[in-house]
Amino acid sequence: MSNNVAKSAKPQKSSFDPTTIELKWQSKWGSEDVYQPVLDSAKPQLASGTTIAEAKKQNKIEKDRHLIKGSAFYDLTMFPYPSAEGLHVGFSYTSSGIDAYARFERMLGHEVFEPIGLDGFGIHSENHAIKTGSHPIEHAERTEKNFYRQLHVTGNSYAWKNKLETYDPEYYRWTQWLFVQLFKSGLAYKKNSPVNFCPSCKTVLSDEQVIDGRCERCESVVEKRDLEQWFFKITDYAGKLLSNIESLDWSEKVKLAQKNWIGKKSGINITYKVAGVDETVTIFTTRPDTNFGATFIALAPEHQLVEKIISGVVKIDAQIVRKMQAYVAKATNKSEIERQAEGKEKSGVFTGLYATNPLTDYQMPIWVSDFVLGGFGTGALVGVPGHDKRDFEFATKFGLEIIRVVVGKDGDASPIAKIEQVQEDEGTMINSGFLNGMDIHKATEKIMDHIEKEGYGKREVAYHLRDWLISRQRYWGPPIPMIYCEACAERGDSWFMTEEGKNHFKNGEWRVKNREMAGWYPEEVLPMKLPYIKNFKPMGTGKAPLANHPEFYETTCPHCGGKATRETDVSDTFLDSSWYFLRYLATDLKHIPFPMSKEKAKTFPGATPEEIEHADKRRTWFPVTMYIGGAEHSVLHLLYARFVTMALKDMGYVDFEEPFTRFYAHGLIIKDGAKMSKSRGNVINPDDYIRKYGSDTLRTYLLFLGPFDQGGDFRDTGIEGMYRFVKKVWKLFSGMENGEWRMESSTEGLRFMHQTVKGVTEDLEYLRFNTAIAKLMTWYNFLAKQPSLSQEEVETYLKLFAPFAPHMTEELYQVLKNKEWRIEKKEKDFHSIHMSAWPTYDEKFLTQVTVTVAVQINGKLRGTVVVDAKDKEDKALIEKLAREQESVSKFLAGDIKHVIFVPGKILNFVVR
RNA sequence: GCGGGCGUGGUGAAAUGGUAGACACGCAAGUUUUAGGAACUUGUGCCCAAAAGGUGUGGAGGUUCGAGUCCUCUCGCCCGCACCA
């Protein structure tokens, strides 16, 4: 029966042509700037000034949403890097998510800013150019066009007027400006040090770009090279980068990845006198409680004292020096991979020197060993073989003494002879003088107090995080805008001698004072344009291609006017992306890089009063409200962007410390169970699917695949199914023009609508797109069976579906609008609805209350009871009863008139 | 080794502590079609010929009137970090 009725609501004919519909709306949205927010007039993000994370914690989010209509909502996705192959479907995934979210937020009444751009500078793009045999500049021109075309057909509600490209001189002049500001703040310095070098990319890499000893991009084994490089002093912010993490509304996983990478360890630096020579060795340890058991000292091959011995400053036996030279040379040439391949087999050379342990007067032999890391702590450790497995391995190999100082749970107090006996856990101190009998935590505090009092040690915090290596010996990046002047350096007359420089460092030591630093920065003539050169390929000599071009690097000193040279390295591509979210809001400002206070904006040469005004007003958009991107950037981009923001805050350019209030890491899209790769031939080009099914279908399908943070498996049969569904929706509603609809929804219809609205709203808020879409499908199944639909149901359905399939829903709305909707007149187009009205039915359904009690029916205990309350008194009564189990049983025994028990259905109680 | 996460049908997966498997894919049968495709209808956790019934969220316990969900242990898988002193 219902089948026949259902048919009456369905179309006589259907023609669903997604391509035509989508192009039509895309061009309309574009030409009318529908999604271009007025940047200057948005209200601040939250009226109270609290962050969304805080509001959420206080459960105020729903309430606040209504209070802050018209407030700025900065909805950002990580911009893609353009490749010859075109847009990756992984990006379609992100962009579908961010756009569904943007459209949802817009309906809640926010001003939403959803910008897009291209991360076109960097090794990635340059390698693509080399592979295709083209010049990076031509490569960029070509891919830019293709990428923007592909980005357009997704139907995303991008603010197209604010697009940017990192290789645009109007962009990278500010990247260079940023470099200069960091330099002026003492956060950029140049240093000669062993660095990671990728022999294939022929450039140095930052620590973060080395994964398992291999290059992040090409997976070549990374070598160690001594090169003079530019670094950013991100370690200055290690503490803040770590402590701020707690306040962020990010997934625990990403937060943890950052915490681990920063790697804070609290301990103590202990300085030991070296017997017989005028030297000391400072070690870092987190376990000073075991110090009575210390029997040796081990130095990293890079350690200063080792250098002093090798260079003859500290004189020891010549034969040992030769042995050490050989060992150090071998160790420093080893790549990470080689070191791992050798396993944990310890090696080392005894220096013949001893250090005295003041606690015991034990003469600890000083060794050099490559299991000690030059970059952690002080590059030296004190060996306690009884209570550290690595120390034990070292001690047994070289016959060093092992002393037990902790007894663990097993009560074993015998001498430690086997590795299984090494006691690294909790326990009680023995053989440790005044520490005896204490547990290790108490002993740790006690001994640190003692050492500090005796004056040979100081509590210290060590971090795993190292400074950010910023220079690259490549072509395709912003030239580092520094000028070296030999003459000024000779005179000791460099930037550091200017009033500005002196003021900057007057309260602290100068972090950077070596001679290589002497020079000038041409701040007022930025951008330092990247010239077109033919031989742009990396050379592998430790110099960048620009070093072959005197016409580039030869210049005059901005200070003395003499001959000077420019830096020829370019900066890391991660610098480009560390601040792009700031620039989106100022792409039309020629003289100011990003929104900032009037006071600061005025300091930019050439800034017009209008520009200063814009810069000031647009600050309401910061920080980024919602950021969606890949989890692979957990410790790279996200850490760098946080660091840059903090540095800019300290310089007074921005007034927030954390750039991304909320970050959501989406999952990975695989294809038919395998990772996409060209060699497998299973790379998805979104173009093919958009052409065949339309963007609405692709978007909805991608988001339906599975939980957004887990990605999913892309299957052609799956997208077919989604296409069927989209078509069904089209047919149902486009058929409405000939069908009937009624004034009011049925009770069941209302309940369905209420449930779906509530469910989908909540799902969208937490980016559970897959379940939101499933709810829409369920509701469709219900609607399709109805003999007729109400205008409210149809309109609500279209609104709820719009975040996923914006084109089709808008087209349907237009079709239906022209067919005598018996509703209040709609003068504006559907996109105005996008911006105004998210349906809520809470008020209407206040009468329905869910009570959770134990109920016995037919001798069986059952669960949830849905009670329909007739009026406010009923509702209050039921809520009160729900709070008190005891009264509920009474209530159920006496006051309920009917109990309707439908097998397979929820229990319904009708209140008198 | 440290840290985090996950184990539910043939598949992707749903389930504020309350009918386990929503929704979709796939599969099966049917209607329609010259055929293929498409569309529509019905069915589909497992066991049993069917019904009745039983059983069922990696495993073992526990809390609870009630556990996929909370707690303890255990097995298996995935992802970070790692010779970090």
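Each chain gets a letter, A, B and so on, in the order its sequence line appears, and its residues count up from 1. From a predicted model like this one, the values you see are computed outputs, not experimental measurements.
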Using the [atom1] atom in both, what is the distance from [N] to [M], to the nearest Å?
N	M	atom1	value
G76(B)	G58(B)	C1'	7 Å
U11(B)	C46(B)	P	11 Å
G68(B)	G80(B)	P	32 Å
C6(B)	C83(B)	P	28 Å
U55(B)	C48(B)	C1'	11 Å
G12(B)	G3(B)	P	30 Å
A14(B)	G7(B)	C1'	16 Å
G66(B)	C77(B)	P	35 Å

Anything under 30° is parallel, anything over 60° is perpendicular, the rest tilted; go ahead and classify [X] against [Y].
X	Y	result
Phe376(A)	Phe284(A)	perpendicular
Phe733(A)	Tyr797(A)	tilted
Phe394(A)	Trp367(A)	perpendicular
His637(A)	His633(A)	perpendicular
Phe804(A)	Phe769(A)	perpendicular
Trp730(A)	Phe16(A)	tilted
Tyr701(A)	Phe714(A)	perpendicular

Whole angstrom is fine here: how far is it from [atom1] in [X] over to [atom2] in [N]?
X	N	atom1	atom2	answer
Asn291(A)	A85(B)	CG	C1'	12 Å
Arg768(A)	A13(B)	CZ	P	16 Å
Asn260(A)	C2(B)	CG	P	14 Å
Phe16(A)	A38(B)	CZ	C1'	16 Å
Leu732(A)	C40(B)	CG	P	11 Å
Tyr723(A)	G37(B)	OH	P	18 Å
Phe769(A)	A13(B)	CZ	C1'	17 Å
Leu705(A)	A24(B)	CG	C1'	10 Å

Touch check for [X], heavy atoms < 4.0 angstrom, all strands: base, sugar-phosphate only, or nothing?
X	value
Asn781(A)	sugar-phosphate
Phe725(A)	nothing
Gly377(A)	nothing
Lys264(A)	nothing

Is the charged tip of Lys346(A) near the ring of Phe371(A): under 6.0 Å from the six-membered ring centre and within 45° of its axis?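 Yes, Lys346(A) lies over the aromatic ring of Phe371(A).
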
Just compare [options] and give me whichever is closest to any side-chain atom of [X].
X	options	result
Leu256(A)	A14(B), G26(B), G4(B)	G4(B)
Met777(A)	A24(B), A39(B), A85(B)	A24(B)
Gln710(A)	A13(B), G80(B), A15(B)	A13(B)
Lys253(A)	C25(B), C79(B), A24(B)	C79(B)
Ala774(A)	C83(B), C79(B), A22(B)	A22(B)
Val372(A)	A85(B), A15(B), C81(B)	A85(B)
Asp370(A)	C83(B), A85(B), C23(B)	C83(B)
Lys728(A)	C81(B), A85(B), C40(B)	C40(B)
Lys265(A)	A13(B), A85(B), C83(B)	A85(B)

What form does the base of G66(B) take, syn (within 90° of 0) or anti?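 Anti, which is what one calls it when the glycosidic angle falls more than 90° from 0.
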
Could you tell me which non-hydrogen atom of [X] sits nearest to which non-hydrogen atom of [Y], and how far apart they are?
X	Y	answer
Ile283(A)	Ile297(A)	CG2-CD1, 4.2 Å
Ile773(A)	Thr700(A)	CD1-O, 3.5 Å
Val372(A)	Pro301(A)	O-CD, 4.0 Å
Glu460(A)	Asn269(A)	CG-ND2, 3.1 Å
Arg768(A)	Glu762(A)	NH2-OE2, 3.5 Å
Ile402(A)	Pro385(A)	CG1-CB, 3.8 Å

Anything below 3.5 Å on both distances counts as a pair; with that, list the stems of at least three consecutive Watson-Crick or G-U pairs involving RNA chain B.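 Consecutive-pair runs (3 or more) involving RNA chain B: B:1-7 with B:75-81, B:10-12 with B:23-25, B:26-31 with B:39-44, B:45-47 with B:53-55, B:58-62 with B:70-74.
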
Kindly say if [X] contacts the phosphate of [N], meaning a side-chain N or O under 4.0 Å from OP1 or OP2.
X	N	result
Asn770(A)	A24(B)	no
Arg724(A)	G37(B)	no
Arg715(A)	U11(B)	no

When you check every protein heavy atom under 4.0 Å of nucleotides 27-33 of chain B, what one-letter string (B, S, -) results, 5' to 3'? -------

Give the residues of residues 459-466 of chain A touching RNA chain B, defined as any heavy atom closer than 4.0 Å, sorted by residue number.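 Heavy-atom cutoff 4.0 Å gives His464(A).
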
RNA chain B: 5'-proximal contact among Ile773(A) and Gly712(A) (nearest heavy atom):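 By nearest-heavy-atom nucleotide position, the 5'-most residue is Gly712(A).
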
Quick one, Val368(A) with His303(A), criterion side chain to side chain contact (heavy atoms under 4.5 Å, CB included). Give me CA distance, side-chain angles, the key distance, then yes/no. CA-CA 9 Å; Val368(A) 185; His303(A) 195 270; over 6 Å; no

Has the side chain of Lys346(A) got a donor or acceptor atom sitting under 3.5 Å from an opposite partner on the base of C83(B)?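 Answer is yes: a donor-acceptor pair is held.
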
